[in-house]
Amino acid sequence: MKTFNYHSAKDVKEASKLSSSNSAYLAGGMTTIPSIKLGLASYRDVIDIKGIKSLSGIKVSGKSVKIGATTKHVEVAKSKDVKKAIPSLSALAEGIGDPQVRNRGTIGGSIANNDPSADYPSACIALNAVIHTNSRKIEAEKFFKGMFETALKSGEIIEAIEFSIPQKSNYQKYPNPASRYAIVGVYVAKHKSAVNVAVTGAKSCVYNDKDLSKALSNNFSSSSVDAVRISSSEMNSDVHASAEYRANMVKVFAKKAVEAC
Amino acid sequence: MASLVGSRVERKEDKKLLTGRGKYTADVNFVNQTFAYFVRSPHARAQIKKVDITKAMKAPGVVSILTGADIANDKIGGLIAGWRIKSEDGSDMKVPAHPPLANDTVNYVGDHVAVVIAESLDEARNAAEIVKVDYKILKAVVDTKDAMSSDQIYKDIPKNLCFDWLLGDRTKVKEAFEKADKVIKIDLINNRLVPNAMEPRAANADYNPSTEEITLYTTSQNPHLARIIISAFNGVAPENKLRVIAPDVGGGFGSKIYPYAEEVVCSWAAKKIERPVKWVADRTESFLSDCHGRDHVTHAELAVKNDGTFLGFKNETIANLGAYASVFGTVTPTYLFGPCATGVYKMPAAYTNVKAVFTNTAPVDAYRGAGRPEATYTIETLVEKAARELGMDPAEIRMKNFPTQFPYQQTLVHSVDSGDYVAGLNKAMELADYKGFEKRKRESASKGKLRGIGLCSYFEACGIAPSPVVMMLGCGIGLWESAEVRFNPTGNVTVFTGSHSHGQGHDTTFAQIAADQLGVPIENIEISHGDTDKGPFGYGTYGSRSLTVGGTAIVKACDKIIAKGKRVAAKMLEASVDDVEFSNGEFVVAKSNKKKTIGEIAFACYLPGTYGEVKSPLPEGEEPGLKETSFFDPANFSFPAGSHICEVEVDPDTGETKVVKYTAIDDFGTIINPLVVEGQVHGGLAQGIGQALYENCHYDETGQLVTASYMDYTMPRADNFPDFNLGFTCTPATSNPLGTKGCGEAGAIAAPPAVMNAVMNAIGTEISMPATAEKVWKAYNQNKKRNSEAA
Amino acid sequence: MKKISVEVNGKKVTKEIQDHTILSVFIRENLNLTGTHVGCDTSQCGACVVHVDGKSIKSCTALAADVDGSKITTIEGIAKNGNMHPMQEAFKKLHGLQCGFCTPGMVMSAIDLLQNNKKPSDTEIREWLEGNICRCTGYQNIVAAVKEAASKM
């Protein structure tokens, strides 16, 4: 394994000061550590931000659920407040990886990494999340730019993710039988103004399926999903699932999600 | 004393393993140890133009870098194919040279090019990255089916064909097929699997310059075989200067039967640099370089009469050997496969033809079941298809063709000593509530699920031995097994076995046998295995052989102990040897109350003189001590058999398929420890269901292994299975005194066809393994479309 | 290099380590507690599961440096006064292990399950053990052992 210098930052300011073009922030480490171990990434400095108290915790207001970046999946899964405000979000957290990953992995780490088959990005899109960083607020739709790519600038730290509380919502996924990441995950959220259908796993980056969102905004019923044609043209195709299969699963899981709302 | 054989004795080995005190090869460290990291080929097929180690040699911590040229200079021999197979035309099989470090060509991704030895693993790995290898990339041969018509990999091996082997009589089969009312045909792929023992392979070799002895710790199912190969074939050190220790081993499933390049290289390098050399595979290396399993492409036909009677069978198979012929690579698709190809049935005429091909993929060797799962999958899906086409119940067609008289001379090779296949299937149908299936199917339908049921009746030939037979079939070694029973002077016992336990529980089951034989409490019996310096030579553990062959050797050695004990007891008790009886650990003079415990006899054997009032107990001419060795070579294989019934539920929207009910009835002859046997069946079933629904080793067309980690290769997990319902029938084997047949492979043999027959029953159409969600979804929808178009 | 102080199986330990030392390496090589195993490179197999501050984590995916100040419990640390933990006893009684390689992680994970759910159903056990791969047992006796332990704890 390639060497690096480990720093544990006390606060955001210190973390930011330590960062460079050759550094990485470390939260749960669920992706960063395996990447370094497998030689896929190397850094001069690894800056641990887990110790920064202001980055962790859950706050629920009348309209939103705000979750600190280093809040662990298990905390979101078990939070009574989240369960009450957005039950689908705690259910999503409960389904990430395995118990050991949930005991360690963080929401900020998940969205900063933007794995195309991660769960949380779909929640961000469906729940009109705002990503709070140490320098600005970014709307989820503008945050996820592409495969493993986000709007974060070098050294920028996610502080919290603020989700709008929908009227109803549900997340359904078909996990990859090997890795248990989503082959297709569909997050349906019915807000007062409109319905969002966010899809993960299917393409190179999470996306809001405008056709499904529109159809469900007009008529929130699983039969609305039937009428929507899902194109497989931009979908991922690999040993686990073809584009055609993924396209079909988007529909199947969108229906399941609507029915479970 | 109550008999321990047949009891659910908790395992003696568990405490250490449960408390973290197990000692696996990776846990072994030596003073002054170095670390090896292998430079492996990133290409499936290439010429090595140059290996430049100059820069890497200067990297921090590097002790040595060795290449194929060094192997050649030191005249280190290549890895071997253990079985010589002859083609139908009488010619010998053709095998390529397999040097432990490649010399001029590399032939699969992961092939060994050089080894970097450094003070730390990080340093070895970092230096390995800067070993510069200049490759001329050649077109890789990957596909099993197309291998014979692809580019020729080795100069002297036309069509990439190792052998074209035939078992059976083509003429008789032709005649049988002419008499058939119907011929059922099937084309199958037996998917390639990666064994994936949870403990990655590892080696740690220590050279002692004083004694000139190498001690090799390794992850082996078979340390004696490792020693003889590394010594006699690779020429690393004479056998008496090479000690091989396989300590606790974390599963093998066939993949750790024989030594690999890494063990040879570590042993050789340790001697060369006079320092210990440790290597531990990471999981990716395991995926790339452990031998894989299965990988057959088969066309088979079954000739039947309208009433369901089988008349003849033919099987044309192409078996992928990978890049080199591994130790059991050539026997797995021939003698472990062909004889079982006709299944558990009366089959008047049959042949199996196997063309074994080389490809630019990792070598393929034995994996749990080795040949028999491939054979059983073929015949059992074919039989199920025959039932469908004849409109018969799948159970009925099986019953109709079961042999009922034993011993039964099976069509191709084996004389099956015992069995009751009818009883097994009946019991399975009863336990599975076969009759209630339609009701359960309706219940599933009400939840929107498709439910299917599938059967599999199997028999297998295991208990791998007898030496004269296997050697006649091309095996380069005998396959007997050894045991030494050593009474210590204070009356406790150490039993040495040439087999090896890496999860099977020999420390317990073998101790149960010895305890019963000798009348010694099980706590006072220690089973010792895995160290070539301790026990006698043996052939290790695979092919469900340890108990039937190795366990019997223990019984035979115990017999000798008792025979000697009787002579000594007779002297001590002043009786005739013929009047001394032995039972429950006591030597008793018939019709008297004169007796000696076996402990007293052992003590006496070690004190063979007169000391004060104690008179010398040994009869005239009797040697002191109480230790006996036995080498057992059975007269026949053993033949476990059984019937399994699987039910699956399919979600027609997603194709997701789950085993919801699984019933297994097996006849393993005498069962020593039901707790252990059930565990063996569970594990085998998990691997069999894994093959049917989840696991697939996939190379892309350039020979890159796409499924090289647990992110991409589906290892079955706890939530993939229901609880299995097990039951047993028992017809004891006649080929060994214990009556045992072997249980390790049954689950992996029977489950794939049982599951696949259930899937096909559920979706109404054929589908290949693994029946992944997408494949099931596609097959179901295409079939639905075809049916609606037809209607 | 970095100095870390942790409590391992009840004993305080201070060690100088390289910054990039992985926790599983620290446990196996610096502390010589080889009961914690490493079976994969991708945080999937779970053979390396230990408890950090009472919660199960995969020690192959954590840095030793970042558990500085924590309490670590490994498989060697759960027996008390020579008596195996009820989970270990249950695995032994019901043959929940074969080769033993995945076992330490399996046991540590299962103990954490019972901390979260005192009476788990079969399904809950099977789902919880998603992060622990066993190649030998087919999981059936592991599930039975966890239930047995739950009834004893």
Side-chain angles (χ1 to χ4, degrees), chain B residues 8 10-11 13-24 26-29 122 195-200 248-253 280 282-284 286 501-505 673 675-676 678-687 689 709-711 715-724 747, chain C residues 18 20 25 28-29 32-45 47 74-79 84-85 87-89 91-107 122-123 125-144:
Chain B
R8 305 176 77 87
E10 286 179 32
R11 297 203 316 174
E13 50 269 74
D14 284 352
K15 191 173 178 189
K16 69 170 175 180
L17 300 176
L18 277 162
T19 54
R21 268 80 179 185
K23 200 173 185 70
Y24 298 85
D27 304 337
V28 174
N29 291 300
D122 279 347
N196 269 311
M198 291 317 297
E199 178 203 24
D248 289 320
V249 173
F253 315 112
V280 181
D282 57 38
R283 183 54 63 183
T284 308
S286 301
S501 182
H502 32 278
Q504 295 87 342
N673 185 334
L675 192 64
V676 168
E678 286 160 11
Q680 288 292 309
V681 177
H682 294 159
L685 291 177
Q687 289 178 7
I689 295 169
S709 81
Y710 293 150
M711 300 296 278
M715 285 290 276
R717 309 206 187 194
D719 57 5
N720 290 126
F721 302 115
D723 264 5
F724 308 122
Chain C
Q18 288 187 293
H20 70 288
V25 174
R28 288 179 53 79
E29 290 173 18
N32 203 25
L33 294 169
T34 55
T36 298
H37 297 152
V38 177
C40 78
D41 331 318
T42 51
S43 324
Q44 294 276 330
C45 83
T74 70
I75 189 70
E76 289 92 343
I78 54 171
M84 289 202 292
H85 186 279
M87 188 64 74
Q88 292 169 312
E89 287 289 356
F91 268 65
K92 182 169 188 289
K93 181 177 169 192
L94 295 170
H95 191 32
L97 67 154
Q98 290 182 26
C99 81
F101 194 80
C102 76
T103 309
M106 200 65 87
V107 167
D122 280 24
T123 307
I125 296 168
R126 287 180 183 275
E127 283 174 358
W128 179 275
L129 295 176
E130 184 182 11
N132 294 84
I133 302 176
C134 170
R135 193 57 152 168
C136 294
T137 64
Y139 303 100
Q140 184 155 329
N141 290 346
I142 292 175
V143 175

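We use all heavy atoms of the structure for the numbers below, so side chains are in, but hydrogens, waters and symmetry mates are not. Below, chain A is the first sequence line, B the second, and so on; all start at residue 1. Here the structure is a predicted model, which means the values were calculated and not measured.
Interface residue D122(C): only side-chain heavy atoms are found under 4.5 Å from chain B. When heavy atoms are compared at a cutoff of 4.5 Å, V676(B) approaches chain C by way of both its backbone and its side chain. Contacts between K16(B) and chain C at a heavy-atom distance below 4.5 Å are absent for every atom of the residue. Of the atoms belonging to T137(C), it is backbone heavy atoms, and not side-chain ones, that fall under 4.5 Å from chain B. The contact between S709(B) and chain C is made entirely by side chain atoms (from C-beta outward), counting heavy-atom distances below 4.5 Å. Contact annotation for D122(B): only side-chain heavy atoms (C-beta onward) come within less than 4.5 Å of a heavy atom of chain C. Looking at P716(B), the atoms closer than 4.5 Å to chain C (heavy atoms on both sides) sit in the backbone and in the side chain alike. Contact annotation for H85(C): neither backbone nor side-chain heavy atoms come within less than 4.5 Å of a heavy atom of chain B. With a 4.5 angstrom heavy-atom cutoff, F101(C) touches chain B via backbone and side-chain atoms both. When heavy atoms are compared at a cutoff of 4.5 Å, V143(C) does not approach chain B at all. Contact of M198(B) with chain C is made through backbone and side chain together, with heavy-atom distances under 4.5 Å. In this structure, the portion of R21(B) lying under 4.5 Å from any heavy atom of chain C is its side chain and not its backbone.
Partners of E29(C) by side-chain contact (heavy atoms from CB on, under 4.5 Å), not counting sequence neighbours, listed by chain and number: V25(C). K93(C) is linked by a side-chain contact (heavy atoms from CB on, under 4.5 Å) to E10(B), E148(C), K152(C), counting only residues two or more places apart in sequence or in another chain.
Ranking G77(C), G96(C), C40(C) against chain B, the residue ahead of the rest is C40(C), based on heavy-atom pairs under 4.5 Å. No other option in I133(C), T103(C), L129(C) has as many heavy-atom pairs under 4.5 Å with chain B as I133(C). Ranked by heavy-atom pairs under 4.5 Å with chain B, the list A47(C), P104(C), C134(C), C136(C) is led by C136(C). Ranking M106(C), M84(C), E89(C) against chain B, the residue ahead of the rest is M84(C), based on heavy-atom pairs under 4.5 Å.
Interatomic distance, I75(C) CD1 to L18(B) CG, rounded to the nearest 0.5 Å: 6.5 Å.
No hydrogens or angles considered: a donor-acceptor pair under 3.5 Å links the side chains of N196(B) and R283(B). Using a 3.5 Å distance cut-off with no hydrogens or angles, the side chains of Q680(B) and H682(B) do not pair a donor with an acceptor. For the residue pair Y139(C) / R126(C), no side-chain donor-acceptor distance below 3.5 Å is found, with atom types taken as modelled. E76(C) and T74(C) are linked by a side-chain donor-acceptor pair at a separation below 3.5 angstrom, with hydrogens and angles left out of the test.
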